[in-house]
Structure formats: structure tokens, C-alpha cells
Amino acid sequence: MQFEEKPISSKTVFKGHLIEVEVQQVQTPHGQLAQREIVHHAPAVALLALTDDHQMLLEKQWRAPIAKTTLEIPAGKVDSRDQASADHAAVRELNEETRYQAANLTKLSGFYTSVGCMDEYMTLYLATGLRPVDHELPQDADEQLALQTVTLDQALAMIDRGEIEDAKTIMAIYYWRGMDNDGR
């Protein structure tokens, strides 16, 4: 069975600081013409950051697209400071957003965040052996973050109550649940 669509034309309709939006006209494998709207986004990283006492770091922040605050794991885009290295971005984002560094940083998974409309690829890391950083990197001026820690049972209950709705955070919590009982 043939799945690949053939682009006929493409036009960038918006180019902003964070995203670029492209409209494509495509021909489907059955010969039909269709329109695809694609959001291009830089690669990103996210961190399941676990403390020595088996709690995870969460950030409360405002998210304009859904017009409310969310609880999320630390995350951010891979940018020019990282020279295309997701590992570097993970270390940097952990410092910027939490003021911690990790003795152990392990890649858990890579995934597309919303394949129906976006090409953002995110790499999820496990960060353990957390210690305060020696040198704090500047935080993004447009971000307001409040950190909190929760146990695995608390995190699972927060998902059940709808307090955690962010997909990368839910994925990280379920990964954590599948780890050994002591959080390793």
C-alpha cells in the first residue's frame, strides 16, 4: 500500500520567533489534491528530573495557547547555543529552569509531539543525582516559572484529577512508574 503524498506546492504563511507555518498542496496516493498546514518547530528536550528522595521536579507556568497555567517537567527547544546537541540543551534547560545540574543524564526516548500538524521532535531525558548549579545561566525573560516537587503517587493522582494535562509530562510520569520502585 502506498502512503506517501507528493507535494505540489508550498508556501510559508507565517514565520515567527518560535514557529514557521507552511501550507502545502499535495497529491495523495489515490490522486486527490489536498491541503496540509504544517507547523515547523525546532527540536526540543524534556527532563524527568528526580531528586535523591524520589520526587520529580515540576514547573508551574502560564501557557497562552490554552489560556491557563500548567504543571510540566522542565523542557525547552534546542537552539543556537546548543550547536544542534540535544544533550547540551538538556543540561542548559535544567540549569536555566530549575537551577540544578544532574550527575546522571540518560536519554529515555525521542518522539514527535504532535504529528498531525507539527514536526517538533522532542528528546526525553532522565536526570538524577541533582545538585544546585555552581553557575546560573540566564533564565528566559518571558518565562515565569514556579518549581515544586511531587512523589510518584502524587503525580499519578494529579493526572487522574486533570491537574497534569501536558503529554510529555504524562509520558515521563508513566515512564517513572515503570521504573524500579525506588525510582531508579
Side-chain angles (χ1 to χ4, degrees), residues 18-19 39 41-79 81-82 85-115 118-133 136-184:
L18 185 61
I19 63 166
V39 177
H41 189 284
V45 297
L47 296 122
L48 170 56
L50 299 178
T51 64
D52 290 344
D53 63 347
H54 311 296
Q55 295 193 51
M56 76 180 302
L57 298 180
L58 287 175
E59 300 173 345
K60 187 173 190 174
Q61 64 183 313
W62 180 258
R63 291 299 194 178
I66 60 172
K68 65 181 183 178
T69 56
T70 62
L71 286 169
E72 302 175 41
I73 57 177
K77 65 181 180 170
V78 178
D79 65 28
R81 298 171 287 181
D82 305 310
S85 168
D87 292 351
H88 185 276
V91 170
R92 179 182 53 73
E93 287 291 341
L94 188 63
N95 179 323
E96 286 178 10
E97 295 191 354
T98 71
R99 302 306 192 201
Y100 284 104
Q101 59 189 348
N104 307 299
L105 189 66
T106 306
K107 179 183 173 183
L108 298 178
S109 184
F111 54 94
Y112 289 98
T113 59
S114 185
V115 295
M118 183 179 285
D119 67 359
E120 178 185 42
Y121 186 81
M122 183 169 280
T123 305
L124 177 63
Y125 291 88
L126 173 64
T128 58
L130 300 180
R131 300 291 176 261
V133 296
E136 293 182 355
L137 296 173
Q139 293 181 322
D140 292 343
D142 64 347
E143 284 185 329
Q144 296 277 333
L145 304 173
L147 290 179
Q148 68 183 78
T149 57
V150 296
T151 65
L152 176 58
D153 287 341
Q154 290 170 326
L156 291 167
M158 293 167 86
I159 292 170
D160 289 344
R161 291 191 303 265
E163 295 171 26
I164 296 177
E165 300 175 290
D166 173 65
K168 69 184 174 297
T169 303
I170 293 170
M171 179 179 168
I173 292 166
Y174 287 152
Y175 182 90
W176 185 20
R177 182 177 66 181
M179 294 167 55
D180 291 342
N181 290 335
D182 64 358
R184 282 178 249 170

Heavy-atom pair with the smallest gap, counting every atom of [X] and [Y]:
X: G110; Y: Y121; answer: CA-OH, 3.2 Å
X: I164; Y: A155; answer: CD1-O, 4.1 Å
X: T69; Y: W62; answer: N-CE3, 3.7 Å
X: D119; Y: H41; answer: OD1-N, 2.9 Å
X: D52; Y: R131; answer: OD2-NH1, 2.8 Å
X: E59; Y: A75; answer: OE1-N, 4.5 Å

Ignoring hydrogens and angles, tell me if any N or O in the side chain of [X] forms a donor-acceptor pair with the backbone of [Y] under 3.5 Å.
X: N104; Y: A127; result: no
X: R92; Y: D87; result: no
X: D82; Y: D79; result: yes

Once you round to the nearest 0.5 Å, how far does [atom1] of [X] lie from [atom2] of [Y]?
X: H88; Y: E93; atom1: NE2; atom2: CD; value: 11.0 Å
X: N95; Y: Y100; atom1: CG; atom2: OH; value: 12.0 Å
X: T149; Y: M56; atom1: OG1; atom2: CE; value: 10.5 Å
X: L58; Y: T169; atom1: CG; atom2: OG1; value: 6.5 Å
X: D166; Y: I73; atom1: CG; atom2: CD1; value: 7.0 Å
X: L124; Y: L108; atom1: CG; atom2: CG; value: 4.5 Å

Please evaluate residues L57 and E97 with respect to the criterion side-chain contact (heavy atoms from CB on, under 4.5 Å), reporting the C-alpha separation (whole Å), side-chain torsions for both, the decisive distance (0.1 Å), and the verdict. CA-CA 10 Å; L57 298 180; E97 295 191 354; over 6 Å; no
Check ion pair K168-E120 (N to O, under 4.0 angstrom): no
Using the side chain to side chain contact (heavy atoms under 4.5 Å, CB included) criterion, which residues pair with Y174? Sequence neighbours excluded. L156, I159, I170, R177
Between T151 and D153, does a side chain to side chain donor-acceptor pair (under 3.5 Å) hold up when you go through it step by step? CA-CA 5 Å; T151 65; D153 287 341; 5.5 Å; no
Is there side-chain contact between [X] and [Y], with heavy atoms separated by less than 4.5 Å?
X: K68; Y: E165; answer: yes
X: E143; Y: E96; answer: no
X: R99; Y: Q139; answer: yes
X: Q61; Y: T70; answer: yes
X: L126; Y: W176; answer: no
X: V133; Y: L94; answer: no

Working note: T98 + L147, criterion side-chain contact (heavy atoms from CB on, under 4.5 Å); need CA distance, chi angles, decisive distance, verdict. CA-CA 7 Å; T98 71; L147 290 179; 4.0 Å; yes
Run M171 and M122 through side-chain contact (heavy atoms from CB on, under 4.5 Å) and show every step you take. CA-CA 12 Å; M171 179 179 168; M122 183 169 280; over 6 Å; no
So I173 and M158, side-chain contact (heavy atoms from CB on, under 4.5 Å) or not? Walk me through it. CA-CA 10 Å; I173 292 166; M158 293 167 86; over 6 Å; no
Sorted by chain and residue number, the side chain to side chain donor-acceptor pair (under 3.5 Å) partners of D140 (sequence neighbours excluded) come out as none
